[in-house]
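Ligands are counted one by one from 1 in listed order, and the atoms in each one are counted from 1 as well. Side chains included, hydrogens not; waters and symmetry mates left out as well; all remaining heavy atoms used.
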Amino acid sequence: MATLVLLRHGESEWNIKGLFTGWVDVTLSATGEAEARRGGHLLIEAGVRPDVVHTSLLTRAIRTANLTLEAADLLWLPVQRSWRLNERHYGALQGKDKAQTRAEFGDEQFMLWRRSYDTPPPPIADDDEFSQAGDARYGLLPPELLPRTECLKDVVDRMLPYWYDAIVPDLAAGKTVLVVAHGNSLRALVKHLDGISDADIAALNIPTGIPLRYELDADYKPISSGYLDPEAAKAAIEAVANQGK
Ligand SMILES: O=C(O)[C@@H](CO)OP(=O)(O)O
């Protein structure tokens with residue numbers, strides 16, 4: 001049996017403002033910092049002691065991992081980072097207000113862009129102020145891999161190689177693995193783990209800052225899973241689902 005813990009970063013400054021974020025590198029709000037520390041305390045209370053950590057390349061996930069590990073007195077753990085754990089690239093919606101977008105394009109189009117499995121938003125222009133073209137952190141990435149927009153299916157496709165090549169080997173070595181990532185990159189991973197259909201994944205939302213623990217069998221299929229604070233998770237999931245309303 002292997003233990004995997006998934007943690008969405010704490011609330012970000014753009015989560016408060018209700019803006020589509022994607023690959024824009026915003027930092028945590030004060031609430032997000034507190035959530036991240038609480039995540040560390042929840043790990044201690046549950047007796048979960050990660051051996052290794054994987055994060056995206058985005059500051060809000062990296063800072064969440066640091067604050068969570070610090071609270072759990074585990075800052076010394078080895079950490080690996082990959083763009084493959086980044087948030088879904090939100091294309092031309094990056095930097096746009098969710099409520100305004102909903103009002104302008106209507107409920108159906110808004111939900112299609114936000115939660116459909118295979119409809120990406122329009123691509124972002126390279127000269128857009130919220131584009132990542134030319135961002136040094138993706139400098140080693142072959143240019144054709146740098147997305148200009150992504151739907152959830154695109155995220156599954158670019159995240160799974162990292163699951164198989166980097167995370168599964170850690171689990172196979174008997175390590176408890178903590179993955180600190182994002183709402184949609186974790187939706188992609190949960191879809192894979194729980195075998196959720198393309199249609200049903202639209203209804204799945206991940207709360208900020210609450211560790212989600214999986215016990216996996218020898219084939220890395222879930223035996224059990226649950227948030228370390230189920231009551232708080234329930235309310236926070238509802239809030240994510242209602243964003244833009
Ligand atoms: O804006 C984003 O990048 C994500 C996560 O905050 O939003 P959503 O939940 O709407 O996909």
Side-chain angles (χ1 to χ4, degrees), residues 6-29 31-33 35-36 39 55-64 83-124 128-132 135 147-156 158-159 179-191 196 198 200-210 212 233-245:
L6 308 183
L7 179 61
R8 181 180 174 197
H9 63 82
E11 180 192 72
S12 76
E13 286 182 345
W14 278 22
N15 289 147
I16 314 178
K17 290 184 181 166
L19 304 180
F20 285 107
T21 313
W23 282 36
V24 181
D25 194 32
V26 299
T27 193
L28 298 177
S29 68
T31 301
E33 291 171 356
E35 286 173 347
T55 78
S56 71
L57 296 188
L58 294 167
T59 300
R60 56 196 188 272
I62 293 169
R63 292 198 61 222
T64 296
W83 69 276
R84 292 183 184 277
L85 293 176
N86 271 17
E87 180 55 289
R88 179 254 282 249
H89 194 298
Y90 247 116
L93 295 183
Q94 292 191 162
K96 301 260 187 302
D97 184 281
K98 290 182 188 181
Q100 273 172 19
T101 304
R102 185 176 203 134
E104 187 179 341
F105 293 96
D107 279 6
E108 201 180 324
Q109 183 63 67
F110 175 81
M111 284 316 285
L112 212 60
W113 280 334
R114 190 169 181 238
R115 288 293 176 263
S116 77
Y117 187 55
D118 49 15
T119 306
I124 197 166
D128 189 294
E129 65 174 309
F130 298 120
S131 159
Q132 282 65 52
D135 186 330
R148 265 66 177 180
T149 186
E150 290 180 310
C151 58
L152 191 65
K153 183 176 185 306
D154 297 323
V155 180
V156 169
R158 56 103 155 145
M159 183 278 304
V179 176
V180 186
H182 302 264
N184 293 296
S185 52
L186 293 176
R187 288 175 70 236
L189 184 48
V190 167
K191 181 182 193 297
I196 299 172
D198 297 358
D200 288 351
I201 193 60
L204 183 100
N205 288 288
I206 310 261
T208 52
I210 306 175
L212 170 58
K234 221 162 126 187
I237 286 167
E238 195 60 27
V240 179
N242 287 329
Q243 271 177 17
K245 282 193 178 154

Atoms of ligand 1, numbered as shown, that sit under 4.0 Å from any heavy atom of [X]:
X      : value
Phe20  : 1 (O)
Arg115 : 8 (P), 9 (O), 11 (O)
Asn15  : 6 (O)
Arg114 : 8 (P), 9 (O), 10 (O)
Gly22  : 2 (C), 3 (O)
Arg8   : 5 (C), 6 (O)

[X], portion touching ligand 1 at heavy-atom distance under 4.0 Å:
X      : value
Arg88  : neither
Trp14  : neither
His182 : neither

Are [X] and [Y] linked by a side-chain donor-acceptor pair shorter than 3.5 Å?
X      : Y      : answer
Glu87  : His9   : no
Arg115 : Asn205 : yes
Glu11  : Ser29  : yes

Taking the inter-plane angle between the rings of Trp113 and Phe105 on a 0 to 90° scale, is it parallel (under 30°), tilted (30 to 60°) or perpendicular (over 60°)?
->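 The arrangement is perpendicular - the two ring planes meet at more than 60°.
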Check the angle between the aromatic planes of Trp14 and Phe130 and answer parallel, tilted or perpendicular using the 30° and 60° thresholds.
->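 Correct class here is perpendicular.
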Does [Y] offer a backbone N or O that forms a donor-acceptor pair with the side chain of [X] under 3.5 Å?
X      : Y      : value
Thr59  : Thr27  : no
Thr149 : Pro123 : no
Arg8   : Ile206 : yes

Hey, could you give me the OG/NE2 distance between Ser12 and His182, rounded to the nearest 0.5 Å?
->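 Going from OG on Ser12 over to NE2 on His182, the span is 10.0 Å.
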I need the nearest protein heavy-atom contact for [atom]: residue, atom name and distance, please.
atom                    : result
atom 5 (C) of ligand 1  : Glu87 OE2, 3.2 Å
atom 1 (O) of ligand 1  : Thr21 N, 2.8 Å
atom 7 (O) of ligand 1  : Lys98 NZ, 2.8 Å
atom 11 (O) of ligand 1 : Tyr90 OH, 2.6 Å

With a 4.0 Å cut-off on heavy atoms, is Leu19 touching ligand 1?
->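 Distance cut 4.0 Å: Leu19 passes for ligand 1.
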